[in-house]
Structure formats: C-alpha cells, structure tokens
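First the structure, in the form of structure tokens, and then the observations on it.
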Amino acid sequence: MSTVVTRFAPSPTGYLHVGGARTALFNWLLARHTGGQFLLRIEDTDLARSTEDATRQLLEDLKWLGLQWDNAEFVYQSKRVAIYNKLIDGLLDRGQAYEAWETPAELDAMREQATRAKRPFIYRRRQYSADDMKRFADEGRKSVIRFIQPVTEHRFHDIVLGKDVVQPPQESQDFVIRKTDGMPTYHFGVVVDDADMGITHVLRGQEHAKNTFNHIALQAALGYDRPIYAHLSVMLSPENGEKLSKRDRDGRIRKRCQEWMRSTKTQPESLAGSAGVPVERLTEWLNTPTQQLSLEEQPKVMKIVGLKEADLPEIMVHDFRKNGYVPEVLNNFLALQGWSPGNDLEQMTMADMVEKFSLDRINIANPKFNREKLKSFSTDYFAKAAPEQQLVAIKDYLAANPQSPLNRATDEQLADVLRMNRGYRLLSEVDEKSAFLLLPDEQLQYDQAALDKFLLKNDRGGAIALAGMRDVFVGVTDWSITGLETAVQDHSERTQQGLGKLAQPVRVAISGGAVSPPIFDSLAFLGKDKTLARIDRCLAMASSA
RNA sequence: GGCCCCAUCGUCUAGUGGCCUAGGACACCGCCCUUUCACGGCGGCGACAUGGGUUCAAAUCCCAUUGGGGUCACCA
C-alpha cells in the first residue's frame, strides 16, 4: 500500500475549536502511526469571514497542541483561484456544469415554497428565456456555476461505519461550485485540493457525511481517485446534548443570570443597570437562546452575577490553554472521544497514542464532552510530571495569562510555588491560590466573608489569636518552613489552641482569603517583613470594622 | 419535516456468539488522612433502551419501535 497522506483543512475564522482539534489529532495520529504525511491547508474561500489574524491563531493553537504538519508551505485556497477556474471551464466546456442566475432571495423563496409543500428542495437545471437573460443583464446580476450531479445512485464506503452509505438518484442536486464573487465553494476546493495534494485518507466530522456524495461526483467528473473516507462522531455538549459550540459559553452565562436573578430576586432592569447594558438588549438576550452577548457585553454581565472566565465551558483550544491545561492532556482526552486503544488503557503519551492508533478502533456513537474527566487526567499528569516539566507548563500558562501576578516570579519562585501546591489539578488553580504571594502588599484585596468568619466572629476571637501569632512571628529567628512550624507548634501547645484556630486567621491576613497553599510554605515564601506588614494591616481593618 | 448516522453504568468506554452473576476510568455516596482548598487511601452505588426473531447459547447477529445526534446555503 502506498504512503498514507492525511490533512487538516480548517477555515480561518477564529481560534481552533476542540472539535477541529480532535479531527486534526486523528489525522495526525493516522499519519504518524503509518509513517505517512500530515498536511495543512487553509480553506479561506469565504472572503467575508476569513482573516489573517484567525490564520495566525489557528496555527498557534495547532503548534501548541504539538500537531506539526509536514508541508512547510501549506496551501491557501485563495491563492489557487486560477487553478479552480481552469477546471471549472473544463466542466463548462464538457457540459458538466452551467451558469445559474437565481439570487439568494429567489432561492430562499423556492426553498420556502418546497417546505410549505412538504417536499424536499432539490435544485435542478432551469431554462432561462431570452427575456430573463435580458432582465438579469439589466439588473447587473452575476451568475454562479453549478455542477450537474448525475441523477444516479451515489455510493461510498465509510471505513469507520464499516459499510457503504448510499444516496438515491432522486436526491441528486446541481450544487454551486463557483460563487458570484468568483471563489470556489467548499465542495469544489476540497475535491481539487485533496487530489492535488495526494490525500489518501479523509478523516472528518460526521456533519460532512452528506457532502461526500457531492465530492465523489465531482471526483468522477474531474477524473480523480477517490480517497478513503472516515466520518468521525460529533462531540456533544454536556450542557444541551447538541454539537459542542461556542454558544455553550453564552448559554452558561444566561443560565447563571436566570439563577442569580431568582435567588437575589433581582429584576432584569436592575441587572442591566448594574452591568451597563441596555435593558431591551438584555431582556431580549435572556429570552432568546439563539442570541448571543457580544464579547464586550459578556464580561460586564459576568461580573455582576459572579461568573469567572474559568467557569465558562472551554470550547476553543485557546480556552483550555488559558485555563491551565497542558496540550498532552488535552490530546489524550480528545483521542478518547471516539477512539479507544482497548484493554482499559486510558492515560497515554503522544508516543503511546501514535503507536496504538488504528482506524478500526474508532467509535461511531457521539460522545458527550466530560470536562470532569479531563480535569482528572490533568491532575494525574501534574502529579507524575517532573518539576522541570511543570515549570515549562506554568510558563506557557503565564504567557497565555499576562495579567497574572505570577508573571513577576522568577523561575526559582515559580518552582517553589509549584512545589507547595502539589496535588493541584490545573495551572489556573495554582495561579488563583498563589497569586497573593507575588502581589505587592497594597494590592492585596481582603475578602469580607473570610474576614467575618475567621477574624470578627465570636467577639473577634480570630483577631485576638492573630495578634498572638504576630508576637510569635516577631520572635522567630529561623524563618523557614520548619522553623516556623516549630515556633507555631510551641505556641499552639503552650496556649492550648488547635492549629486550625491559629492558622486560618493568619491565612486570611497574608492571602486575603480562606484558601492558600500550606500556611508554613506560604509564610516562608513571603518572608518576615511582608508577613508582619500584612498582619498589621489586617489587624487594623479588623479593629476598625 | 425529508434524508443520513447512532444506542452498554449519570459520563467516556472495554466487550466482535459461550470466558459476562458485564471490566475500567470520571462523577457520585460513605469512611480515613488533614492547618484551608486540593491531593491521596479504602469501600460502596451504578448499565446491556424496549419488543420481536435467529441460535443449544446473544450485550454481541437480524427486524421493528423508541430515543438521541447530524444535515438540508453563493459557510466551511
């Protein structure tokens, strides 16, 4: 058998979607497993939506995942228009394609009519009278080119399904291959480029299954070989059981808003007011699941209802990076969405996956994307990762999160932070828990609930304990984890106070909240001066409260 | 709605006619560990969608029903 050549062919309209990432991964895995080639092609024939920025982001995401492509000069469809046109001229000459003149509005009307008559809309060649043609010319209409799909049965073998998929003759339809703007449609570009690039295996989502009938008809007309087709399952959202989509994030915000308004008995008007979004806009959005908040509106609303970026379901590869996942983990998890190596094996390195990958172990049922399990893979990964590996990971995380105070840390400090956080699940968790260590004292924010609970409650019992701890700290000469531990243990035994009662007020004083890495590690990291300064500031706040 | 695809614990899955009183992982529930949040340890709950066939034998094969998903663009 000749060499396997696979490809990933995204359209550059934004960051890489996890669904796309999985498709890319499967293609990459197949190529690597067989010692074949994995090629990249940019499908930028939609001039209105494709941007250079998006292409850049896409490539960055792909590189981050480690899915290196083998064609140094990857293909841009927009640069191949002349090639497509020449082939389209050939089809025209041979009577396998023709010009069609309907406007989008006319087509819509035809579709609507078909729907009303409860029959499927099938476009077949129509005759235009001389009058029609004159009118089109007067109106300055532009034509599209449609391909004549032979009215016969179309059939292809799907290697994942393990069977033939058939389209009956009556469903044949003359589809557009060149748009009015002169660009080829997806169908045409794919077929020509796959052939030119020598693609042997097409692994793509099941949403493309029906397109395949168009593609094989075109291949026949153009005299191309047919690649092997494998249609992958569709990854479903746990939110609504439908195709994983960017919209899920918006849906989560809407759901949270509704809960929030119910529990706080807030009216949409006042939510709109505090968020700074027009009332009509907000209410309309609340009542219309198909509507989405803009990127500017989202954070405003989220802030009011207490949602963080990290609380939103990750959809784009970039989201996973920002939230502190490592590419190996994402890849591992994605591979298991629709594929299994068997033998109860789950956690694998990239090399393991390359070795085990095979088409006949691909599953066809649609999996729901289970983030909890992904998170647990992440936990296991970090637990086993060497310190140097973790350091590399957190630096990558910080590059994607420039606002994190941890960016001020030296490598040694980062290593220390990682060490004291052992058992963490995501890098974002390390960030959240440890940011206070790198924050200037005056930028530290105190959480009111934590102050109430651990300092003020029970006649300021916590504040009193904290004052006692301050005295202990003043006397500590060996400001190390063990030195601090010894001193505090002593104090605890002498004063008959449990460590819990002593540690929590200190934690609040130095971190601003009730959660931090282990207390002695944190204190040792901060140093004596900062510790005392923060305790003093906290004590002052407590006494004035 | 037409067409296409699918169907094992809540979720991801192992299982390819007898090894299955169905295995693993995540989640969940107990208990333990513990200065917070986590991590960890031990134990537990939990599935072959339903109905018909085929067969000595069915989670595994066939059919129907039900349920889910996809798709019906000058977007890819």
Side-chain angles (χ1 to χ4, degrees), chain A residues 9-13 43-46 48-50 77 100 102-104 107-108 111 114-115 118-123 142-146 158 160-161 163 165-168 171 173 175-181 183-187 189-190 205-211 213 231 233-234 236 238 241-243 333 336-347 360 363-377 379-380 382-383 421-425 429-430 432-433 450 454 485 488 492 498-504 506-508 511 513-520 522:
Chain A
S11 65
T13 54
E43 308 217 323
D44 55 350
T45 53
D46 183 346
R49 294 201 306 158
S50 303
Q77 289 189 323
E102 292 75 28
T103 62
L107 289 169
D108 280 348
R111 270 183 214 105
T115 310
K118 290 188 200 289
R119 57 179 169 76
F121 175 64
I122 299 283
Y123 188 102
K142 286 190 177 149
S143 67
V144 297
I145 306 296
R146 284 184 183 264
D158 187 301
V160 167
L161 293 180
K163 65 177 187 187
V165 189
V166 181
Q167 174 178 279
E171 283 178 38
Q173 162 152 234
F175 55 92
V176 176
I177 54 177
R178 188 169 71 200
K179 306 185 268 187
T180 48
D181 66 2
M183 295 300 276
T185 58
Y186 159 73
H187 303 297
V190 173
Q206 224 164 64
E207 52 267 47
H208 288 291
K210 294 207 128 178
N211 294 335
F213 296 117
H231 290 98
S233 54
V234 177
L236 268 25
E242 290 167 19
K243 198 161 81 164
F333 183 76
L336 262 20
Q337 299 284 293
W339 173 74
S340 159
N343 298 114
D344 296 334
L345 180 61
E346 287 198 324
Q347 296 190 17
D360 56 19
N363 286 94
I364 31 201
N366 299 339
K368 275 203 190 93
F369 195 87
N370 179 352
R371 289 190 185 72
E372 281 307 319
K373 183 152 177 161
L374 169 63
K375 202 187 268 189
S376 120
F377 275 28
T379 309
D380 288 345
F382 289 126
N421 274 289
R422 77 188 80 76
Y424 64 93
R425 314 200 70 183
E429 192 182 311
V430 174
E432 269 172 48
K433 262 163 75 170
F454 297 110
E485 196 165 0
V488 174
S492 159
L499 229 38
K501 285 266 180 280
L502 298 173
Q504 274 316 86
V506 175
R507 194 185 307 282
V508 174
S511 77
V515 175
S516 83
I519 193 73
F520 299 118
S522 302

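Each chain gets a letter, A, B and so on, in the order its sequence line appears, and its residues count up from 1. Values reported hereafter were calculated over all heavy atoms of this structure, with side chains retained and with hydrogens, waters and symmetry mates removed.
In this structure, the side chain of A:D158 does not engage the main chain of A:V165 through any donor-acceptor pair within 3.5 Å. Remark: side-chain polar atoms of A:N363 are not paired, donor with acceptor, to backbone N or O of A:A365 under 3.5 angstrom. Under a 3.5 Å cut-off, the side chain of A:E102 and the backbone N or O of A:L107 do not form any donor-acceptor pair.
Residue A:K243 is classed as a sugar-phosphate contact, given heavy-atom separations below 4.0 Å to backbone atoms only. Here A:P238 lies out of heavy-atom contact (under 4.0 Å) with every strand. Note on A:G338: only backbone sugar-phosphate atoms sit closer than 4.0 angstrom, heavy atoms only; bases stay farther off. Nucleic acid contact class of A:A365 (heavy atoms, under 4.0 Å, all strands): sugar-phosphate only. A:H208 comes within contact range of at least one nucleobase, with a heavy-atom separation under 4.0 Å. The residue A:L336 sits close only to the backbone: its heavy atoms come under 4.0 Å of sugar-phosphate atoms, none of a base. Nucleic acid contact class of A:T45 (heavy atoms, under 4.0 Å, all strands): sugar-phosphate only. Residue contacts shown for A:P367 are limited to sugar-phosphate atoms, with no base heavy atom under 4.0 Å away. Using a 4.0 Å heavy-atom criterion, one finds that A:E429 contacts the sugar-phosphate atoms exclusively. Among the heavy atoms of the strands, none lies under 4.0 Å from A:F454. Using a 4.0 Å heavy-atom cutoff across all strands shown, A:S11 reaches sugar-phosphate atoms only and no base atom. Across all strands, A:P518 comes closer than 4.0 Å to base atoms (heavy-atom distances).
B:rU50: Watson-Crick or G-U partner is B:rA64, with both key distances under 3.5 Å. Base pairing analysis places B:rC31 opposite B:rG41; the two distances defining the Watson-Crick or G-U wobble pair are each below 3.5 Å. Pair check for B:rA25 finds B:rU11; Watson-Crick or G-U wobble, both atom distances under 3.5 Å. B:rU55 is unpaired under the criterion used here, namely a Watson-Crick or G-U wobble arrangement in which both key atom distances are under 3.5 Å. Base pairing of B:rU71: its partner is B:rG2, meeting the Watson-Crick or G-U wobble criterion (both donor-acceptor distances under 3.5 Å).
Sparse packing is recorded around NZ of A:K501, with 12 or fewer heavy atoms of other residues, nucleotides or ligands lying under 6.0 Å away.
One finds no salt bridge joining A:E242 and A:K368 here, because no Lys/Arg side-chain nitrogen approaches an Asp/Glu carboxylate oxygen to under 4.0 Å.
Distances shorter than 4.0 Å separate some side-chain N or O of A:N363 from OP1 or OP2 on B:rA14. For B:rG2, neither phosphate oxygen OP1 nor OP2 lies less than 4.0 angstrom from any side-chain nitrogen or oxygen of A:K210. Look at A:K179 and you'll find a side-chain N or O under 4.0 angstrom from OP1 or OP2 of B:rC75. Contact annotation: A:R178 does not reach the phosphate of B:rC74 (side-chain N/O to OP1 or OP2, under 4.0 Å). Side-chain N/O atoms of A:T103 include none lying less than 4.0 angstrom from OP1 or OP2 on B:rC74. Taking 4.0 angstrom as the limit, A:R111 places none of its side-chain polar atoms (N or O) nearer than this to OP1 or OP2 of B:rG2. Between A:K433 and B:rU36 there is no side-chain polar atom (N or O) within less than 4.0 angstrom of OP1 or OP2. A close approach under 4.0 Å does occur between a side-chain nitrogen or oxygen of A:S340 and OP1 or OP2 of B:rA14.
Closest contact between the side chain of A:V165 and the listed nucleotides B:rA76, B:rU36, B:rC4 involves B:rC4. Minimum atom distance to the side chain of A:N211 is reached by B:rA76, of the listed B:rC6, B:rA76, B:rU35. With B:rC3, B:rU35, B:rA14 as the choices, the nucleotide that has an atom nearest any side-chain atom of A:F520 turns out to be B:rU35.
Taking the six-membered ring for Trp and the full ring otherwise, A:Y424 and A:F382 have centroids separated by under 6.0 Å.
Between B:rG43 and B:rU36, the distance separating the two C1' atoms is 27 Å to the nearest Å. For the P atoms, the distance linking B:rG41 with B:rG1 amounts to 49 Å, nearest Å. Taking atom C1' in both B:rC33 and B:rG24, one finds a spacing of 26 Å when rounded to whole Å. B:rU54 and B:rA64: their C1' atoms are spaced 15 Å apart (whole Å). Taking the C1' atoms as reference points, B:rC28 lies 22 Å from B:rU34, given to the whole Å. When the C1' atom is used for both B:rC48 and B:rU16, the distance is 15 Å, rounded to whole Å. Spacing of C1' atoms, B:rU50 relative to B:rG68, comes out at 15 Å, to the nearest Å. To the nearest whole angstrom, the two C1' atoms, one in B:rC63 and one in B:rA7, are 16 Å apart.
If you measure from atom CD of A:E485 to atom P of B:rU35, you get 10 Å, rounded to the nearest angstrom. The CD1 atom of A:I177 sits 12 Å away from the C1' atom of B:rC74 (whole-angstrom rounding). In this entry the distance linking CG of A:N366 with P of B:rG67 reads 18 Å, nearest Å. Rounded to an integer number of Å, the gap from CD of A:Q347 to P of B:rU13 is 16 Å. Rounded to an integer number of Å, the gap from CZ of A:F175 to P of B:rA76 is 13 Å. Here B:rC74 presents its P atom at 9 Å from CG of A:D108, a figure rounded to the nearest Å. Between the CG atom of A:N343 and the P atom of B:rC12 there is a distance of 21 Å, rounded to whole Å. When rounded to the nearest whole Å, the span between CG of A:D158 and C1' of B:rC6 equals 13 Å.
For the atom pair CZ of A:F377 and CD of A:Q347, the computed distance is 5.0 Å after rounding to the nearest 0.5 Å.
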Output a table of nitrogen or oxygen pairs between the protein and nucleotides 44-48 of chain B separated by less than 3.5 Å.
none

Check nucleotides 26-32 of chain B against the protein and report each pair of N or O atoms closer than 3.5 Å, with its distance, or say if there are none.
{"from": "B:rC26", "atom 1": "O2'", "to": "A:K373", "atom 2": "N", "distance (Å)": "3.1"}

Between N or O atoms, less than 3.5 Å apart, protein on one side and nucleotides 63-66 of chain B on the other: list the pairs.
none

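Evaluation of atom-type donor-acceptor distances gives no pair under 3.5 Å for the side chain of A:T379 against the base of B:rC39.
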* **Verdict with supporting geometry, A:K375 and A:E429, salt bridge (Lys or Arg N to Asp or Glu O under 4.0 Å)** => CA-CA 11 Å; A:K375 202 187 268 189; A:E429 192 182 311; over 6 Å; no
* To do: Give the intermediate values and the outcome of side chain to side chain contact (heavy atoms under 4.5 Å, CB included) for residues A:K373 and A:L336.
  => CA-CA 11 Å; A:K373 183 152 177 161; A:L336 262 20; 5.6 Å; no
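Taking the syn range as angles within 90° of 0, the glycosidic angle of B:rC29 is outside it, so the base is anti.
Along RNA chain B, the nucleotide nearest A:L161 and the nucleotide nearest A:V176 are compared for position; the residue whose nucleotide lies closer to the 5' end is A:L161. Mapped onto RNA chain B by nearest heavy atom, A:G241 and A:P120 fall at different nucleotides, with A:P120 at the one closer to the 5' end.
A:S516 and A:R507 share a side-chain donor-acceptor pair at under 3.5 Å.
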